[in-house]
Amino acid sequence: MSPIIQNEVIQTCSDIVTEKVIDRISNAECFSLLGDETMDISGTEQLSLCIRYVDIPDLQAPVLREDFVGFIPINDQSSENLANVILQRCDELNLDMTKCVGQGYDGAANMAGHLSGVQTRIRENCPKARYIHCASHRLNLTLSNVMSVPAIRNCLGVLVKL
């Protein structure tokens, strides 16, 4: 198979999965946005966007879900641009932003700033979207810091092997 056909198959699979995820999010009472900036292997800066929501499948117990909805290439890391990129992606996905009740980002000033950060700009459009520092990011920062302690590094190494 040619690379072009492979990429078309991958894109089609992505479209189908994204459509199913968006259907579940649309049926949820509310959702939260989770975002983090990262650089891919080619050096392109991108925003990873996830949505957290409670899914209630038919006749089953509620399930807390956190689904990835895309990598978005970014050229400008200003809070204004990042907020616009997030809102544009949500618009492309046809998300009802009146259901957006939360935001989770790292603690960087352009994301978390209370005067002009991404969280403030998103809240201008979605007043119910409260910002909470992303717990996963806090865990990652904590683990990075404690890895300098040999006993902890060895313990985590053993856990990884298990």
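Because the structure is predicted, anything quoted here is derived from the model rather than measured.
Side-chain contact between Met97 and Cys90 is present, with heavy atoms from C-beta onward closer than 4.5 Å. Put simply, the side chain of Ile51 reaches to within 4.5 Å of the side chain of Leu95, judged on heavy atoms. Taking 4.5 Å as the limit, every side-chain heavy atom of Leu34 sits out of range of all side-chain heavy atoms of Leu49. No side-chain heavy atom of Ile72 sits less than 4.5 Å from a side-chain heavy atom of Gln46. Counting heavy atoms from C-beta outward, Gln119 and Arg130 have side chains that stay 4.5 Å or more apart. Two residues are said to be in side-chain contact when any heavy atoms from C-beta on lie closer than 4.5 Å; Val85 and Leu82 fail this criterion. Within the 4.5 Å cutoff, side-chain heavy atoms of Arg121 are placed close to those of Ser116. For the pair Val101 and Phe31, the minimum side-chain heavy-atom distance is 4.5 Å or more.
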*asked:* Show, in sequence, the C-alpha distance, side-chain angles and deciding distance for Glu45 and Asn75, and conclude whether the side chain to side chain contact (heavy atoms under 4.5 Å, CB included) test is met.
replied: CA-CA 7 Å; Glu45 192 69 31; Asn75 299 321; over 6 Å; no
Discussion item. As a quick check of understanding, evaluate side chain to side chain contact (heavy atoms under 4.5 Å, CB included) for Ile122 and Leu33, giving each step before the final call.
Written reply: CA-CA 10 Å; Ile122 297 285; Leu33 302 170; 4.2 Å; yes
Item to check | Check against salt bridge (charged side-chain N to carboxylate O under 4.0 Å, His left out), Asp67 and Arg24 | outcome: CA-CA 10 Å; Asp67 289 327; Arg24 285 198 310 244; 3.0 Å; yes
Applying side chain to side chain contact (heavy atoms under 4.5 Å, CB included) to Leu47 and Ile86, what does each step give before you reach the verdict? CA-CA 9 Å; Leu47 179 76; Ile86 291 169; 3.4 Å; yes
### Message
As a quick check of understanding, evaluate side chain to side chain contact (heavy atoms under 4.5 Å, CB included) for Tyr105 and Asp36, giving each step before the final call.
### Response
CA-CA 6 Å; Tyr105 313 115; Asp36 196 13; over 6 Å; no
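Separation of atoms CD1 (Ile132) and CD (Gln103) is listed at 10.0 Å; rounding is to 0.5 Å. In this structure, Glu19 CD and Asn94 CG are separated by 10.5 Å, a value rounded to the nearest 0.5 Å. Here Ile22 contributes atom CD1 and Asn27 contributes atom CG; the two are 11.5 Å apart, rounded to the nearest 0.5 Å.
Residues Phe71 and Ser48 come closest through the heavy atom pair CE2-CB, 3.7 Å. Between Thr44 and Pro73, the shortest heavy-atom distance links the atoms CG2-CB, 4.5 Å. Here the closest non-hydrogen pair linking Asn125 and Leu87 is ND2-CD1, 3.1 Å. Scanning both residues, Thr98 and Asp96, for their nearest heavy atoms gives OG1-OD1, 2.5 Å. Nearest heavy atom pair, residue Cys50 against residue Phe68, reads SG-CA, 3.8 Å. The heavy-atom pair separating Ser26 from Lys99 by the smallest distance is O-NZ, 2.7 Å.
Between the side chain of Lys128 and the backbone N or O of Gly102, no donor-acceptor pair lies under 3.5 Å. A side-chain donor-acceptor contact under 3.5 Å links Arg89 to the backbone of Val69. Although no hydrogens or angles enter the test, the distance criterion places a donor-acceptor pair under 3.5 Å between the side chain of Asn81 and the main chain of Asp76. The backbone N or O of His114 lies less than 3.5 Å from a partner atom in the side chain of Thr120, making a donor-acceptor pair.
Side-chain contact, Tyr131 with Arg123: no donor N or O sits under 3.5 Å from an acceptor N or O. The closest side-chain donor-acceptor pair between Gln11 and Asp15 falls under 3.5 angstrom.
The environment of CD1 in Ile4 is sparse: at most 12 heavy-atom neighbours from other residues, nucleotides or ligands sit within 6.0 Å. Atom CD of Glu29 sits in a sparse spot, with 12 or fewer heavy atoms from other residues, nucleotides or ligands closer than 6.0 Å.
Hydrophobic clustering, with ILVMFWY side chains joined whenever heavy atoms are under 4.5 angstrom apart, keeps Ile56 apart from Val21.
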